[in-house]
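Predicted model, so just to flag it, every value in this text is computed and none were measured.
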Amino acid sequence: MNISEKTRRLLLPAVMLILLTGVKAVAQDATFTAQAPQAVVLGERFRITYKVNTRDAKEFRAPDMKSINILSGPNTSTSSSTSIYNGQVTSTYTLTYTYVAVATEEGDVSIDGATIKANGKQLTSNKLTIKVLPPDQASSQQQSQGQGSGQARQQQSSGQSSTAGSGEDLFMLATVDKTTVYEQEALLLTFKIYKLPSVDLQTMSSKMPDLKNFHVQEVELPQQKEFNLEHYNGRNYQTMVWLQYVLFPQHSGELEIPATPFEGVVAQRVENRSNDVFDMFFNSSRYVEVKRELTTRTIKINVKPLPQGKTNAFYGGVGDFNISSTINSTDVTANDAVTIRVILSGTGNLKLVKTPEIKFPQDFDIYDPKVENKYTIKGGRQTGNKVYEYLAIPRHAGQYTIPALEFQYFDPKSGSYKTLKTDEYTLNVAKGQGGGESQTSVSYVNKEDLKFVGQDVRFHSTPTVLKSTDVQFFGSFLFYLCLILPLAILLVLVLISRKRIADSANAAKVKVKKASSVATKRLKVARKLMKEGRKDDFYDEMMRALQGYFGDKLAIPVAELSKDNIEAELKRRNVSDEPVKLVIGLLDNCEFARYAPGDDSGKMDRLYEQAVSVIGQIEGSIK
């Protein structure tokens, strides 16, 4: 049956209405945001954008941008999308105002928020702060010298860089926020990558530095790291914080943070010198991976001992602390549990602080305090609180005084000791049932069960009647049954255990044999994703393929699958050093490549070829 064009037009709205019946539209509040680079170079162009997420937007007014010249703008653009999920329609619409600008002065430039009228309301965007860096000295020298000497022109024509491999184009810098501290005072150690924009860094690998004289807390950094511009020694580098640690020196004297080695892999462009016309046209250049050894400098830390003045109330705290306490009740009966909760909060070496002592009356039963740690690393410092719960049980009626807990700590800022005190508590204990003692149930985790004085054992006498019997257990059927039955059960358990071990070994052998074929299937899927340009899905599939292959091939459980364990297992199986280095480099590449700048298609293709090559070498080394 043919349907006319006019009928189709009439039916289409009706069909859409039926499909969207029961679908709920989700409205979004209007937002207005401003974006710009954190750092720019004096005289170089950059973009400032303002975005509002509603169609009903008008009367856009930009702020006064001092020390910035506007080359063009505002240029407007729009984008929109609609999705339906679980019966909800979500529509997004973005109107963008873009300025192309150039900074005219060095230093920090502040830009006030812009304003716009959206959905009938006046909105103001966030403020912006842009750090304007001076021009790169090397670039300025090249411009002032013109073409330079004939030797420089020859280097440029052959595709060589004057700084390539010199250590100035790529290096790792280790810094600390202070070099003179007190014992147990925190300092922040930072490892930062510096590279010129022309350097195509693929991966970076390292091992934990040897910090045996310090208590170390690693700072959790974002998984998606980004490069930022920074002016250092007259050059403009792209920088990234690679590792950070909070260090607590454990003794006084001159301590050393040793030089730490890192290994980077750089994709270096090599000109094709072939005279073949087709090679010159289709493959004028290619990239090779070059390893670069980066080693940080040694850092000396002067650690001063804590001065005299410690009391018995000093429990090792160094920093800035506060203390408070609460009690569950001051009116109890004998044998009722009393709980005092003490909260130590602040910034310092919280993890290393010992448990303070509360001096309870002598006839109280005292139990080990329960300690709960609630601290984190924030701003390069350990901050948060520790919660102590002290449990005690009074055994007799009366009025008791629980003295204040004293906590002494050392404040590095003032260079002196300070003492904090909790509240003092007066405890009124009434007689319990049965002449002062009562049974009490206490839900508290301790090293021993609670005792109840006077009721641990109750004696109860009953009349005893002794009877003689001629039946003997020794030599009876029951005697031999009890003798043989444990041996029979033990034999059955041994047989079952051997069968399970054999089944597990067979399953492990099957995984080892199929490791290569399973990895090949996953690599095919990754290659398909690469051709479709799905970058994130490609790297995820590559990581699953590699982890699955090495886990099955080397019989490493998923929970223990790490680069160190893979390296150790390969060496245990007598795999030579070169394939092992290729394996570790491949895993580093897979983790780092998705965040590294450069050509995405080229990086994915190189990573895929490297994975195929490495798996082939491992298959040849391990039969």
For the residue pair Q202 / D200, report whether a side-chain donor-acceptor contact shorter than 3.5 Å exists.
yes
Please tell me whether T31 and N53 have a donor and an acceptor in their side chains that are separated by less than 3.5 angstrom.
yes
Non-hydrogen side-chain atoms of [X] and [Y] separated by less than 4.5 Å:
| X | Y | result |
| --- | --- | --- |
| I68 | F46 | yes |
| L247 | I257 | yes |
| V199 | R292 | no |
| L243 | E218 | yes |

[Y] and [X] aromatic ring geometry - parallel, tilted or perpendicular at 30°/60° bounds:
| X | Y | answer |
| --- | --- | --- |
| F60 | Y97 | parallel |
| Y232 | F171 | tilted |
| Y50 | F32 | tilted |

Within 6.0 Å of [atom1] in [X], more than 12 heavy atoms from elsewhere:
| X | atom1 | answer |
| --- | --- | --- |
| R544 | CZ | yes |
| Q38 | CD | no |
| E226 | CD | no |
| K531 | NZ | no |
| E220 | CD | no |

I'd like to know whether T175 forms a side chain to side chain contact (heavy atoms under 4.5 Å, CB included) with K192, so could you lay out the CA-CA distance, the side-chain angles of the two residues, the decisive distance to 0.1 Å, and finally the verdict.
CA-CA 8 Å; T175 58; K192 184 185 286 188; over 6 Å; no
From the list D56, T54, T78, side-chain contact (heavy atoms from CB on, under 4.5 Å) with Y93 holds only for T78
Under-4.0 Å salt bridge between E578 and K581:
no
Between D177 and R381, is there a salt bridge with N-O shorter than 4.0 Å?
yes
Checking the side chain of E263 only, and the main-chain atoms of P261 only, is there a donor and an acceptor separated by less than 3.5 Å?
no
Is there a side-chain hydrogen bond (donor to acceptor under 3.5 Å, both in side chains) between T96 and T98? Walk through the geometry before answering.
CA-CA 6 Å; T96 304; T98 304; 5.8 Å; no
When rounded to the nearest 0.5 Å, the distance separating CD1 of I130 from CD1 of I111 is 4.0 Å
List the steps, then state whether side chain to side chain contact (heavy atoms under 4.5 Å, CB included) holds for V303 with H251.
CA-CA 7 Å; V303 182; H251 57 83; over 6 Å; no
Centroid separation under 6.0 Å, is that true for the rings of F262 and F191?
yes
